[in-house]
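Some notes on the structure that comes next.
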Protein chains: 2
Amino acid sequence: MGEITIKQLAQILKVSTATVSKALRDSHEIGAATKKRVQDLAKSLNYSPNPFASGLRRHKSNTIAVILPEIANNFFAQAVNGIDEVAREKGYHLLIYLSHDSSEREAFFLNDLLSRRVDGLLMSISFDASDFTHLDAIQQKLPTVFFDRTYEGSLLHVTNNDFESAFDATRHLYECGCRNIAFLSAFQTLKTGDQRFKGYLSALKHCGLPFKDELIVHCNNNKNDSYTRIRELMTEIKPDGIVSSIEKLAKQCYYVCNELEINIPGDVKIVSYSNLDSASLLNPPLTTITQQAFEMGKEAATILFKVLKNSNYKADSKILNAELIKRRSTDIINI
Amino acid sequence: MGEITIKQLAQILKVSTATVSKALRDSHEIGAATKKRVQDLAKSLNYSPNPFASGLRRHKSNTIAVILPEIANNFFAQAVNGIDEVAREKGYHLLIYLSHDSSEREAFFLNDLLSRRVDGLLMSISFDASDFTHLDAIQQKLPTVFFDRTYEGSLLHVTNNDFESAFDATRHLYECGCRNIAFLSAFQTLKTGDQRFKGYLSALKHCGLPFKDELIVHCNNNKNDSYTRIRELMTEIKPDGIVSSIEKLAKQCYYVCNELEINIPGDVKIVSYSNLDSASLLNPPLTTITQQAFEMGKEAATILFKVLKNSNYKADSKILNAELIKRRSTDIINI
DNA sequence: TTGAAAGCGTTACCAC
DNA sequence: GTGGTAACGCTTTCAA
């Protein structure tokens, strides 16, 4: 049974529960002999401490929460792997909440987490966020590290070099001959999206290309909607290059191009933020801005545990570099 | 503050903690007026119950654990989505554990879960499992539903029609002209892998093809190892068809074929169990046996909650049909 | 309809 | 070095 308690161990060994508790936690105030007796018995009886009792007493859960927009996405999945690595090493448990890019759900989760169920929170903000009061509130009450999708007010966070990587991607298209470069925008209310957009703008300027409003496509959470908008872009504006700020949209570009028989990279070159591990197997292989997903999760978790250990850290951050991996979707085609 | 307690509410309202507790849980033994007073105050003070205290008292956590081989895999990620949907609806929390296909880690997690931290468990067994005593033990002590990767001894489970789907895939290759069909095997110690293998064998027989040992490649957890073995298969045995029992291995086939300049589907046709959502964008688009990943998670969770509600269910199961989606990787090429 | 009090299993304080 | 005991915040008898 998993029903053995400290009290029972104490009875069997004819010592107090206090002694057992201390012996189990390897306290120095217990003699080596008793310590061994206790530990041996605990092991042989398969004792395992009740996390609720100790959580209640110690005001500590050994659990952290992770709030993600989605999990069926290689970036977030790998980030979870990174988080898991750190958490596991610290003996922590991982509670997962999926917002499905709804800030309403997000708010619900945040509210729930105020119950001191967890010691800390790692979070990547949902797509349609616009009101950040919940986020402001949570960071005051619970150690919270934002990663990837952060907002202006975040105290602790791990981000990409979003501005620079978007700049580089756009310039890369320019260097490959594109003069009419579209930008597929998402979550521009978040710092992350904003920075990517600014990087794009800055690169246009740097390359001497004019900014044209019709080249910007604001995509939302709705799959069909985005598809339609991208299709419109391709039929009406006909850009010769596309920078996609998220992977989902790049895939939709591929589908649209398939449907309309537009050749990539002949008619249009595409580069996208993406951690798709099959990017090189696509037709054509997709040029990606690949984020350090695993590292990002790992860094975020590391910062969180630093704060958990020493609550003086009020602000800390880290920037990881996303890498532009050039593949055939941006190849220069000689006719 | 998230620090309001029942005791404080009771003091403010000059009632007992018992009354407050009951009022909050909307008990019928409390008068409507007091009930309202309590609930209003609780709301205005942003009271949220301490989950450790109630968990300790009620021996119930409102949390379920999910043990997965990996998360950076579309199948498991979608399964988690399905699980999440059901759990959220029931107001449950989700604890995630990644075994990374190590049965050692798995055993560690299982042991930990004996602490009554969770009310139930959903699990997909790791790749290299061979000793099932831990699994036998856990299902006796904790309501546990296995999904996808199950084992012979599992009481509650949700599986694919593994035998039939492997049969159909193999026959499909035969019908496309393949006469030398290789099978990439994984987790054959599990029921899932075993059934897929048997489906393959049965289809060979059905089609009048001989079984040849050298056409079976046993792949393990090590990426380089598997790559080498597949490479050997392709250079030495040169099959004209491949059935891959997991997605990972199919990707490796693509890489090997790229390296060796083997044409798919001209030289070899490939079909794989896979939930890759970019399967149709690959070069060439991959014929897949696509599992109902989301449904699988959902069904598994549903069974678990049925058991949680009514502990009489000692055995229950469900089989979901995987679908063969034919794409270019198995096209018949006319020369 | 309400309340007093016992406990859930653990830890921490203080006395010995 | 060891033990008694009061808490942690909540739920659940049982009595009023």
Side-chain angles (χ1 to χ4, degrees), chain A residues 1-39 41-42 45-63 91 93 112-119, chain B residues 1-39 41-42 45-63 91 93 112-119:
Chain A
M1 313 306 284
E3 313 292 353
I4 303 293
T5 68
I6 282 193
K7 208 184 267 178
Q8 298 177 30
L9 296 180
Q11 264 169 4
I12 297 174
L13 294 172
K14 300 201 193 308
V15 294
S16 77
T17 59
T19 306
V20 175
S21 175
K22 286 174 192 159
L24 288 173
R25 324 191 102 242
D26 209 23
S27 159
H28 53 273
E29 33 176 325
I30 299 295
T34 359
K35 211 182 266 182
K36 185 161 179 1
R37 282 177 60 219
V38 173
Q39 288 171 355
L41 183 67
L45 257 43
N46 235 307
Y47 166 79
S48 82
N50 182 315
F52 293 101
S54 80
L56 178 57
R57 189 60 239 239
R58 312 202 307 144
H59 296 287
K60 192 160 175 305
S61 61
N62 279 284
T63 302
H93 298 256
D112 198 286
L113 292 177
L114 292 176
S115 66
R116 325 176 254 342
R117 182 186 294 279
V118 297
D119 298 342
Chain B
M1 314 302 285
E3 314 293 353
I4 304 292
T5 68
I6 280 192
K7 205 185 269 177
Q8 296 177 29
L9 295 180
Q11 264 169 4
I12 296 175
L13 295 171
K14 302 205 192 307
V15 294
S16 76
T17 60
T19 306
V20 174
S21 174
K22 287 172 192 162
L24 288 173
R25 325 193 101 241
D26 209 23
S27 159
H28 53 273
E29 34 176 324
I30 299 295
T34 2
K35 210 182 265 183
K36 185 160 179 2
R37 281 177 61 219
V38 172
Q39 287 170 353
L41 183 68
L45 258 43
N46 233 308
Y47 166 78
S48 83
N50 182 314
F52 293 102
S54 76
L56 178 57
R57 188 60 236 246
R58 312 201 308 144
H59 297 287
K60 192 158 174 305
S61 62
N62 279 284
T63 303
H93 298 255
D112 198 286
L113 292 177
L114 292 176
S115 66
R116 329 176 253 344
R117 179 186 295 279
V118 297
D119 298 342

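The sequence lines fix the lettering, A, B, ..., with proteins before strands; numbering per chain opens at 1. On a predicted model such as this, the values are computed, not experimentally measured, just so you know.
Nucleotides of DNA chain D that come within less than 4.0 Å of any heavy atom of chain A span, from the 5' end to the 3' end, D:dG1 to D:dG9.
Among all heavy-atom pairs drawn from A:A10 and A:S16, the shortest one is CB-C, 3.7 Å. The shortest non-hydrogen separation linking B:S115 to A:P51 is O-CD, 3.3 Å.
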Take B:I30 and B:T19 through the side-chain contact (heavy atoms from CB on, under 4.5 Å) test and state the conclusion after the steps. CA-CA 7 Å; B:I30 299 295; B:T19 306; 3.8 Å; yes
Evaluate B:Q8 against B:L45 for side-chain contact (heavy atoms from CB on, under 4.5 Å), listing each step before the verdict. CA-CA 10 Å; B:Q8 296 177 29; B:L45 258 43; over 6 Å; no
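Here the options are B:V20, B:V38, B:I6, the test is side-chain contact (heavy atoms from CB on, under 4.5 Å), and the partner is B:Y47; only B:I6 passes.
As a whole-Å value, the separation of B:I30 CD1 from C:dG3 C1' is 9 Å.
Counting only distance, with no hydrogens or angles, the side chain of B:D119 and the backbone of B:K60 share no donor-acceptor pair below 3.5 Å.
With a 4.5 Å cut-off on side-chain heavy atoms, B:R117 and B:T63 do not count as touching. Within the 4.5 Å cutoff, side-chain heavy atoms of A:N50 are placed close to those of B:L56.
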Per-nt protein contacts along nucleotides 6-13 of chain C (heavy atom under 4.0 Å; B base, S backbone sugar-phosphate only, - none) come out as BBBBBBBB
